[in-house]
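Since the structure comes first, as structure tokens, the remarks are kept for the end.
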Amino acid sequence: KGSDYANPEVTGDEVAAFKQYAKDAGITPEQAWFVLFNKHYSSLRKFVQQPEQKLATEPINSRLVDLINYLFLFYLMQVDSGMIIPNTND
């Protein structure tokens, strides 16, 4: 999904789309991220609460991968904003 959220005109900006969504909506990039992340989290919550019911649109493994990707994108947003300094020893 990275290519869906990157701006091809801005090399190396993996979270450009969140910045644009935020600008368009008058919210922060983190708030824009949360709206999209929460959609997948809500599916996971429903799956945990009602495991006997299959998700209608995509399997749970796909939702889990999406959640992991969204968490990584949030991490990149925090690095980009200077809130997190990556540990270069890892």
Side-chain angles (χ1 to χ4, degrees):
K1 286 196 173 189
S3 62
D4 292 341
Y5 299 105
N7 184 344
E9 297 160 5
V10 182
T11 304
D13 192 352
E14 295 86 359
V15 295
F18 292 105
K19 294 174 187 174
Q20 187 61 52
Y21 300 155
K23 183 178 176 184
D24 293 346
I27 59 178
T28 68
E30 289 82 3
Q31 289 168 329
W33 170 87
F34 184 76
V35 169
L36 298 168
F37 171 83
N38 196 48
K39 177 181 80 160
H40 297 287
Y41 176 76
S42 294
S43 291
L44 176 63
R45 187 180 64 236
K46 181 178 178 181
F47 177 81
V48 169
Q49 291 172 341
Q50 302 169 359
E52 68 284 351
Q53 291 185 355
K54 291 189 176 193
L55 298 176
T57 57
E58 55 184 308
I60 191 63
N61 59 322
S62 179
R63 296 289 179 153
L64 290 171
V65 169
D66 288 343
L67 282 165
I68 291 166
N69 286 333
Y70 274 103
L71 289 171
F72 185 67
L73 286 166
F74 188 79
Y75 170 80
L76 292 176
M77 291 171 69
Q78 299 313 297
V79 169
D80 186 55
S81 71
M83 295 299 291
I84 293 176
I85 299 172
N87 184 348
T88 57
N89 295 329
D90 290 342

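Index from 1, following the sequence. These values consider heavy atoms only, across backbone and side chains, with no hydrogens, waters or symmetry-generated copies.
- Q49 pairs by the side chain to side chain contact (heavy atoms under 4.5 Å, CB included) definition with R45, not counting sequence neighbours.
- In this view, S81 satisfies the side-chain hydrogen bond (donor to acceptor under 3.5 Å, both in side chains) rule with no residue, not counting sequence neighbours.
- Annotation: side-chain hydrogen bond (donor to acceptor under 3.5 Å, both in side chains) contacts of T28 (sequence neighbours excluded): Q31.
- The minimum heavy-atom distance linking A32 with A22 is given by the pair CB-N, 4.1 Å.
- Ring planes of F18 and Y70: perpendicular class, angle over 60° (limits at 30 and 60°).
- For V79, the side chain to side chain contact (heavy atoms under 4.5 Å, CB included) test picks out Y75, I84, P86, with sequence neighbours left out.
- When the side-chain hydrogen bond (donor to acceptor under 3.5 Å, both in side chains) test is applied to N61, no partner is found at least two apart in sequence or on another chain.
- Residue Y41 comes nearest to L67 through the heavy atom pair N-CD2, 3.6 Å, listed as atom of the first residue, atom of the second, then distance.
- Taking CD1 from I27 and OH from Y21, the interatomic distance works out to 11.5 Å, rounded to the nearest 0.5 Å.
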In sequence, state the C-alpha distance, the side-chain angles, and the governing distance for R63 and L44, and then conclude on side-chain contact (heavy atoms from CB on, under 4.5 Å).
CA-CA 7 Å; R63 296 289 179 153; L44 176 63; 5.7 Å; no
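- Separation of atoms CG (D66) and NZ (K39) is listed at 7.5 Å; rounding is to 0.5 Å.
- Residue W33 is grouped with residue F72 when hydrophobic side chains (ILVMFWY) are merged at heavy-atom distances under 4.5 angstrom, including chains of intermediate members.
- Rounded to the nearest 0.5 angstrom, I60 CD1 and K46 NZ are separated by 11.0 Å.
- Listed here is the closest heavy atom pair of E14 and L73: O-CD2, 3.8 Å.
- Listed by first and then second residue, the salt bridge (Lys or Arg N to Asp or Glu O under 4.0 Å) pairs involving residues 26-38 amount to none (not counting sequence neighbours).
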